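Read through the structure below, which is laid out as structure tokens, and then see the notes.
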Amino acid sequence: METPSSSSTRARICAPLLDPSGSLSSNISRCGLRRERAAILEPTEVHREVLPSSVAMARALGFRCVTVLHKTPKGEHGIFGPMKEWGLRTHVLYGEANHLRYLRALPPRLLIFTTFDWAVDSWMRAPANSTHLVAVLDALSALALPPVLVAGCHTASYCVESLFFARARWPRLRFTLMAYHPAMLPVLAPVAYDPPFAAAPVFLGPSCGDDKSSNGHAASSRHRAPRHARGVDEPVRFVVPGNIDFERRDYEQLAALASESWPRPVEIVLFGRCSNTTHPIDYPISACARLARLLRSGLRTRLPANASAGGAAAARLTFRHDYGSFDRLFRAMREASFVVPLVDERVGEMLHEYSREGKLSSSVALALAFCRPLVATTELLRPLGLAAASPLEYADSRGLADALRRALNVADDAAAYHAVQASMCTYRADAFGQAVAHLRGLLGAWDLQEANASASSRRRATREAVCRAF
């Protein structure tokens with residue numbers, strides 16, 4: 001078993017290897033005991049969005065030192081600034097070589113892989129691109145007592161395949177699967193050694209209300225109520241997060257909304273980069289160009305013959321495209337009134353993935369993170385258990401316009417709006433609490449294993465000393 005003195009000495013010796021600038025050395029040396037250390041590895045730089053909730057879980061478990069192992073500062077996309085603002089302070093260690101030195105010299109008690117399915121899957125298909133992950137798992141397997149390993153699953157089928165591969169190559173490592181959508185659990189449970197659990201499916205944004213941060217501290221001025229609460233002249237903003245991709249979202253219904261009349265200004269913000277997955281023959285243009293053409297056509301259709309594009313008839317409904325870093329995305333979410341996934345029967349393949357296969361929609365994750373009510377189909381919300389928390393659900397694409405009108409009524413009623421927020425925040429708090437409780441049980445079992453290994457080591461040392469004496 002580690003002692004404070006031996007561990008602190010080892011930390012001081014190894015710290016220069018971890019951060020040549022010295023900024024991390026003093027922090028790590030304060031956490032000499034292994035039980036105080038947790039690490040989070042983002043091996044692909046594809047799913048940085050789950051870093052906040054992973055750090056929050058480690059903090060809730062009492063870890064003093066939480067280290068994020070990230071490849072390069074370039075791949076951050078502004079995720080750590082908001083985390084610091086929300087009180088989710090962490091050490092960030094860059095560079096694959098530094099990651100290996102850290103894991104060998106100062107192994108953590110808990111290690112969370114934010115992306116396990118895609119990371120291992122990419123290694124199997126392109127080994128040259130994933131040597132870092134292999135080196136990490138080799139280093140962990142060489143430890144006398146590997147940490148509690150939590151493998152984040154974004155897609156159930158890939159996660160199962162990755163688990164089988166990892167077991168065959170690293171039999172000493174025992175992975176506990178963490179599903180980012182509860183619908184995955186029935187698929188993961190039969191193949192897992194330990195019962196899988198559902199993580200809080202959230203970015204874990206600043207607060208469940210507008211006056212407190214995620215850990216109870218006073219919120220900054222940037223954590224404010226939706227803009228529509230400032231007066232009737234402010235538009236009610238509906239944000240559609242995610243890549244602009246016609247295969248993922250039903251944008252056709254947005255053009256139909258232009259022909260509707262609205263009781264107050266409405267702005268629909270489409271936040272995401274442009275995808276080029278449109279059909280090369282039917283639509284040989286980018287998704288954003290196709291979307292712009294579609295929306296212009298819809299707005300022209302609704303204008304009376306004697307009205308201009310800037311007239312009063314067009315002022316009630318506007319569209320805006322935005323894209324950028326996480327900080328920019330989170331700012332858009334803070335100013336949003338509602339979140340609209342635009343996933344319905346017209347994009348049936350994606351709806352099936354989200355509702356039946358357990359793929360988590362970024363729209364749902366963001367709505368929960370910032371407690372913004374969802375305007376979504378029942379089929380998308382029900383598997384998550386969110387249907388009761390969102391009275392703005394609708395059955396299919398034909399019900400979107402009516403659901404948006406109901407949302408406007410909710411926006412005009414502060415009590416009704418906050419009631420929907422409260423139900424979402426209760427859901428979020430319950431999911432987070434259950435995930436933390438599950439991790440606490442895993443850590444308790446690890447502590448017992450460590451105690452047994454230490455006792456065995458002491459008995460072996462005693463026997464060797466007796467043998468030397470004789």
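For clarity, every value in this text was computed on a predicted model and none was experimentally measured.
- Side-chain contact between Val436 and Leu61 is present, with heavy atoms from C-beta onward closer than 4.5 Å.
- With a 4.5 Å cut-off on side-chain heavy atoms, Leu404 and Phe338 do not count as touching.
- Here the CG-CG distance, from Leu384 to Leu374, works out to 9.0 Å after rounding to the nearest 0.5 Å.
- In this structure, NE2 on His321 lies 4.5 Å from CD1 on Ile244, to the nearest 0.5 angstrom.
- At a threshold of 4.5 Å between non-hydrogen side-chain atoms, the residues Leu368 and Met424 count as touching.
- Annotation: side chain of Cys159 is in contact with side chain of Leu177 (closest heavy-atom distance under 4.5 Å).
- A 4.5 Å side-chain heavy-atom check between Asp344 and Gln253 finds at least one atom pair inside the cut-off.
- To the nearest 0.5 Å, atoms OG1 (Thr318) and CZ (Arg237) are separated by 8.0 Å.
- Taking 4.5 Å as the limit, every side-chain heavy atom of Cys65 sits out of range of all side-chain heavy atoms of Glu36.
- For Glu42 (side chain) and Thr114 (main-chain N/O), no donor-acceptor pair under 3.5 Å exists by modelled atom type.
- For Arg320, the CZ atom counts as densely surrounded, since its 6.0 Å shell holds more than 12 non-hydrogen atoms of other residues, nucleotides or ligands.
- Taking CZ of Phe238 as the start and CG of Leu408 as the end, the distance is 4.5 Å to the nearest 0.5 Å.
- Counting only distance, with no hydrogens or angles, the side chain of Arg249 and the backbone of Asn243 share a donor-acceptor pair below 3.5 Å.
- Between the side chain of Arg346 and the main chain of Asp396, no donor-acceptor pair closer than 3.5 Å is present.
- Formation of a donor-acceptor pair under 3.5 Å by the Arg372 side chain with backbone atoms of Arg334 is found in this model.
- Ser363 places none of its side-chain heavy atoms less than 4.5 Å from the side chain of Val340.
- Phe246 carries Arg290 over the face of its six-membered ring, with the cationic atom under 6.0 Å from the centre and within 45° of the normal.
- Between His154 and Tyr180, the ring planes are tilted. Angles from 30° to 60° get that label.
- With sequence neighbours left out, the side-chain contact (heavy atoms from CB on, under 4.5 Å) criterion links Ser325 to Asp327, Arg328.
- Ala401 is linked by a side-chain contact (heavy atoms from CB on, under 4.5 Å) to Leu257, Glu260, Arg405, counting only residues two or more places apart in sequence or in another chain.
- Rounding to the nearest 0.5 angstrom, the gap separating the CZ atom in Phe370 from the CD atom in Glu335 is 11.5 Å.
- No side-chain N or O of His99 forms a donor-acceptor pair with one of Glu96 less than 3.5 Å apart.
- Distance check: Phe197 CZ to Leu185 CG gives 10.0 Å after rounding to the nearest 0.5 Å.
- Every residue two or more places apart in sequence or in another chain that forms a side-chain contact (heavy atoms from CB on, under 4.5 Å) with Val148 is listed here: Leu110, Val150, Leu442, Leu443, Trp446.
- In this structure, Arg440 has no salt bridge (Lys or Arg N to Asp or Glu O under 4.0 Å) partners at least two apart in sequence or on a different chain.
- Looking at Arg59 and Val66, their side chains come closer than 4.5 Å, going by heavy atoms from C-beta outward.
- Remark: Glu379 pairs with Arg356 by the salt bridge (Lys or Arg N to Asp or Glu O under 4.0 Å) rule, at least two apart or across chains.
- The backbone N or O of Ile40 sits nowhere less than 3.5 Å from a side-chain atom of His70 that would complete a donor-acceptor pair.
- Taking Arg406 as the reference, Leu392, Tyr394, Asp402, Ala403 meet the side-chain contact (heavy atoms from CB on, under 4.5 Å) condition, with sequence neighbours excluded.
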For Tyr251 and Leu270, run side-chain contact (heavy atoms from CB on, under 4.5 Å): C-alpha distance rounded to whole Å, both residues' side-chain angles, the deciding distance at 0.1 Å, then the answer. CA-CA 10 Å; Tyr251 298 108; Leu270 301 114; 3.5 Å; yes

